[in-house]
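Notes follow once the structure below has been shown.
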Amino acid sequence: MKTHRFDPLSFVMGLIVTAIGLTFLIPYDPIDIVDLVSDVGAWFWPVVLLAIGVAILVPALTPRRDDDDQASG
């Protein structure tokens, strides 16, 4: 697998999607956690947004090794 350059656009978009998910997921008061868990619609979409953000960020942040390095080592 060839290494590729860091893609700042994908990185920024992943951060934005993750931040949006966290904004909707974190309650204002600790007592709101009960309401948050009881209402599936309140936490389902933020978790989906977080998962998408993580799926964008993980490949952008993980270092990739070249196929030549793996064959020689």
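Hydrogens, waters and symmetry mates are skipped; everything else that's a heavy atom, side chains included, is used.
- Residue Phe11 is found in a hydrophobic cluster whose other members, listed by chain and number, are Phe6, Leu15, Leu57, Leu61; membership requires side-chain heavy atoms under 4.5 Å apart, directly or through intermediates.
- Residues Gly21 and Pro46 approach most closely at O-CB, 3.5 Å, considering heavy atoms.
- The OG1 atom of Thr18 sits 9.0 Å away from atom CG of Leu49, with the distance rounded to the nearest 0.5 Å.
- Val54 meets the side chain to side chain contact (heavy atoms under 4.5 Å, CB included) test with Val58; sequence neighbours excluded.
- For Val48, the side chain to side chain contact (heavy atoms under 4.5 Å, CB included) criterion is met by Phe44, Trp45, Ile52, not counting sequence neighbours.
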